[in-house]
J.: 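Take a look at the following structure, please.
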Amino acid sequence: MKAAYQAILEAERAAAAVKQPAPVVAEPAIPRETIFRKVIAAVSNTTPMIEPRPVSITPQNQAMINRAIVDGAAQLAKKLQPDLDDGFIVGFDFGTSSVKLAVSQPYHADNPTKAMPAPEGLQSFGHPYLWQTALWLDPKTGRFSLYPLPGAVTLEGFKTGIIGAHGGELVRLDVSITRVEAAAAFLALHFAHFFGWYRQATPLGPAGADQFMAVNVGIPVAAHDDARSFSIFKRIVAAAVELAPFASRLTPDLVRQTHSRSPDRLPTGFYLVPELTAAVAGYAFAPTSQPGSHMLVDVGASTLDIVAFNLVGRERVAVFSAAVELLGAAALDSALSRQLSAGDFKRACDHEFEEVFGRARSPERAQDGFHAAYRRKPVQLLVTGGGCKTEVHDRFIAEMPTERVLGAAPSIHPLPPKAMTDMSCDRSRLLLAYGLTRDLPDLPEIKLPSQVPSITPLVRMESSFVGPEMT
């Protein structure tokens, strides 16, 4: 009987062993930083298709652009010194997908400010004040143009390549022009065009001065705070100003030679301004602005800029951390075309945010203002940029103003004043151009991340007592 019972037990154990599935070994999760590097590697040296480029514009618009360029080039050839007492200020938002220009007359009643319209056919996504960041090279004349001509070669993505640290590489393999050279030619044409347009259109009316006080060109905070990137942009602007008097006859050889000898310093009256300063200037003086900890998220066509800063009394800004990566709306399309998933792209955005936010909330930077366990009020989220409306970026941004991240406070989308435009449009796209038209002394004083000293955490000391032997 015992032997039979033992046999039954062994049979049951054997059957149970057969039925039990083998344990599943979970694959280790891929670190978010690994996914981030994979996404950046896939898009860093690409020219994302932002929007279809025009193949022609009307003869009337061609003539209008040419007249303005010739007029502006003649003015810039005089090399007049800026009028620091009563000159006008140009705000130049040099974006990866579009450029936005505006002009203001400071210290006059109501500080009149106007945005420069973009010609029909060159408008970015139909916005009347956004001019596509694209350049054309006419093979017949060998000259650069701001508009397409029959048989002309389109040059685009040069600003994206510069941000991605590929400025010295060719814009396209069939044209011997690097990205920094294309950017210099593009800015030279736009500088000449703007000054010609300003004199012909008189956008500020009787209040508008004849001479400029400053031309403020916006660049990302991270580029401004990096010595190498800052030097690259300075040389581009310096070359563009030297080339502007010859804007109507720019050739690749002239651009190449001029850029190769351009100095590592800005021309008199031209300034590189951190885009954060411009964005904060457009926000700080609004009735809804408030002092304290802020996160700025600017989603462009190619780039995602994230900045953690503190606003003090609408006058001073301390930037605790910042980053700019090729994670904008068009970069998303490039990533998807390279078989990367939308989920991985969002995780790459999450990584950039966590890098910036994590550094800001560390004990060495601004724990009391950003860390959920120490801050007294939510971190105010500012959102700008035309790329924030993709499904991926919308989900990415929606997770920020929550209790466990920045705190449950509504995000703010700052807008420039209505008087800046005469046509109906999305004014949020003009925020940086508006802020860049402020006089430098009137812009919030900004301390870049490298200028903000780290805080040494206090070390709790043990209590000590004086003993009898020490008396």
Side-chain angles (χ1 to χ4, degrees), residues 47 50-79 92 94 97-99 101 116-124 131-162 167-200 235-262:
T47 300
I50 296 171
E51 59 185 308
R53 298 303 179 195
V55 295
S56 66
I57 62 172
T58 65
Q60 293 81 359
N61 280 337
Q62 289 187 28
M64 180 183 65
I65 293 171
N66 290 338
R67 283 196 304 269
I69 288 176
V70 170
D71 191 352
Q75 295 179 58
L76 292 168
K78 298 176 183 177
K79 299 187 183 299
F92 195 113
F94 178 24
S97 66
S98 62
V99 295
L101 286 98
M116 185 189 78
E120 188 175 356
L122 295 173
Q123 296 171 358
S124 180
W131 193 316
Q132 292 187 24
T133 304
L135 185 66
W136 284 268
L137 180 61
D138 185 355
K140 295 180 181 178
T141 62
R143 296 177 181 176
F144 290 108
S145 170
L146 280 182
Y147 55 82
L149 293 164
V153 176
T154 306
L155 305 179
E156 56 187 331
F158 39 87
K159 171 75 181 296
T160 303
I162 295 168
E169 299 180 9
L170 298 179
V171 180
R172 46 189 292 170
L173 296 178
D174 58 342
V175 178
S176 182
I177 292 293
T178 65
R179 285 161 171 161
V180 291
E181 292 164 354
F186 182 74
L187 291 185
L189 285 163
H190 266 290
F191 287 158
H193 177 271
F194 175 84
F195 279 93
W197 168 80
Y198 177 82
R199 194 170 85 155
Q200 294 170 7
R235 292 191 62 205
I236 290 172
V237 172
V241 173
E242 188 174 345
L243 289 165
F246 312 97
S248 59
R249 53 185 188 275
L250 285 186
T251 64
D253 285 343
L254 178 59
V255 171
R256 187 179 303 108
Q257 294 168 13
T258 304
H259 180 267
S260 68
R261 66 171 185 266
S262 61

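All figures in this text were calculated on a predicted structure; none of them were measured in a lab. Counting from 1, the numbers follow the sequence of the chain as shown.
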J.: Would you check if the side chain of Thr258 reaches a backbone N or O of Val255 as a donor-acceptor pair within less than 3.5 Å?
T.: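 Such a contact is absent between Thr258 side chain and Val255 backbone.
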
J.: Identify, with sequence neighbours excluded, every residue that meets side-chain hydrogen bond (donor to acceptor under 3.5 Å, both in side chains) alongside Glu120.
T.: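 Partners of Glu120 by the side-chain hydrogen bond (donor to acceptor under 3.5 Å, both in side chains) criterion come out as none, since no residue qualifies.
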
J.: Provide the closest heavy-atom pair for Leu170 versus Val175 in the form atom of the first, atom of the second, distance.
T.: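 Looks like CD2-O, 3.8 Å.
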
J.: Taking the side chain as every heavy atom from C-beta outward, state whether Leu135 and Leu189 have any atom pair closer than 4.5 Å.
T.: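 Yes, side chains in contact.
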
J.: Find the distance between OH (Tyr147) and OG1 (Thr58) and round it off to the nearest 0.5 Å.
T.: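 Tyr147 OH to Thr58 OG1: 10.5 Å, rounded to 0.5 Å.
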
J.: Taking the side chain as every heavy atom from C-beta outward, state whether Ser145 and Asp138 have any atom pair closer than 4.5 Å.
T.: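 Side-chain contact under 4.5 Å: no.
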
J.: Given side chains that start at C-beta, do those of His259 and Leu243 come closer than 4.5 Å, heavy atoms only?
T.: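 The answer is no; the side chains never approach within 4.5 Å.
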
J.: Do you know the tightest heavy-atom contact between Trp131 and Pro119?
T.: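 Closest heavy-atom pair between Trp131 and Pro119: CZ3-CD, 3.4 Å.
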
J.: As an exercise, state the distance from NZ of Lys159 to OG of Ser98, rounded to the nearest 0.5 Å.
T.: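 It comes to 10.0 Å.
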
J.: Of all heavy-atom pairs between Phe144 and Leu155, which one has the smallest distance, and what is that distance?
T.: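 Shortest heavy-atom contact: CE2-CD1, 3.7 Å.
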
J.: Is the backbone N or O of Arg249 less than 3.5 Å from a side-chain atom of Arg143, with the two atoms forming a donor-acceptor pair by type?
T.: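 Not at all, since once roles are kept as given, no pair shorter than 3.5 Å links the two residues.
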
J.: Roughly how far, to the nearest 0.5 Å, is the CD atom of Glu169 from the CD1 atom of Ile177?
T.: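 It is 15.0 Å, given to the nearest 0.5 Å.
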
J.: I need the single residue from Trp136, Phe92, Phe158 that forms a ring-ring contact (aromatic ring centres under 6.0 Å, His included) with Phe186. Which is it?
T.: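 Answer after filtering Trp136, Phe92, Phe158: Phe158.
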
J.: Any heavy-atom pair between the side chains of Ser248 and Asn66 that's under 4.5 Å?
T.: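 No. Closest side-chain heavy atoms not under 4.5 Å.
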
J.: Please evaluate residues Ile69 and Leu146 with respect to the criterion side-chain contact (heavy atoms from CB on, under 4.5 Å), reporting the C-alpha separation (whole Å), side-chain torsions for both, the decisive distance (0.1 Å), and the verdict.
T.: CA-CA 10 Å; Ile69 288 176; Leu146 280 182; 4.2 Å; yes

J.: Which pair of non-hydrogen atoms, one from Ile162 and one from Arg179, has the smallest distance, and what is that distance?
T.: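 That closest heavy-atom pairing would be CD1-O, 3.9 Å.
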
J.: Donor-acceptor check, side chain of Gln75 to backbone of Phe195, threshold 3.5 angstrom: yes or no?
T.: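 Checking the backbone N and O of Phe195 against the side chain of Gln75, a donor-acceptor pair under 3.5 Å is found.
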
J.: Under 4.5 Å between any side-chain heavy atoms of Val180 and Arg235, yes or no?
T.: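 They are not in contact (no side-chain heavy atoms under 4.5 Å apart), so the answer is no.
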
J.: Looking only at non-hydrogen atoms, find the nearest pair between Pro148 and Ile57 and report the distance.
T.: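 Nearest pair, atom of Pro148 first, then Ile57: CD-CG2, 4.3 Å.
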
J.: Just so I know, are the side chains of Leu76 and Val241 near enough to count as touching, which here means a heavy-atom distance under 4.5 Å?
T.: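 Side chain of Leu76 against side chain of Val241, heavy atoms only: no contact under 4.5 Å found.
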
J.: Can you find a heavy atom in the side chain of Gln257 that is under 4.5 Å from one in the side chain of Arg261?
T.: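 Yes; the side chains approach each other to less than 4.5 Å.
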
J.: Could you tell me whether Asp174 and Arg172 have a side-chain N and a carboxylate O separated by less than 4.0 Å?
T.: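 A salt bridge is present here (some side-chain N lies under 4.0 Å from a carboxylate O).
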
J.: Considering non-hydrogen atoms only, spot the tightest contact between Gly167 and Thr178 and give its length.
T.: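 Closest approach of Gly167 to Thr178, heavy atoms only: O-CB, 3.7 Å.
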
J.: Taking atom OG1 of Thr133 and atom CZ of Phe94, what is their separation to the nearest 0.5 Å?
T.: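 Interatomic distance, Thr133 OG1 to Phe94 CZ, rounded to 0.5 Å: 6.5 Å.
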
J.: Heavy atoms, side chains only, cut-off 4.5 Å: are Trp197 and Pro117 in contact?
T.: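 Yes, side chains in contact.
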
J.: Would you find a donor on one side and an acceptor on the other, under 3.5 Å apart, between the side chain of Gln123 and the backbone of Ala118?
T.: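 Yes, the answer is positive, given that a donor and an acceptor are paired below the 3.5 Å cut-off.
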
J.: Which salt bridge (Lys or Arg N to Asp or Glu O under 4.0 Å) pairs, counting each pair once, include a residue from residues 61-75, with sequence neighbours left out?
T.: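 Sorted result for residues 61-75: Asp71-Arg199.
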
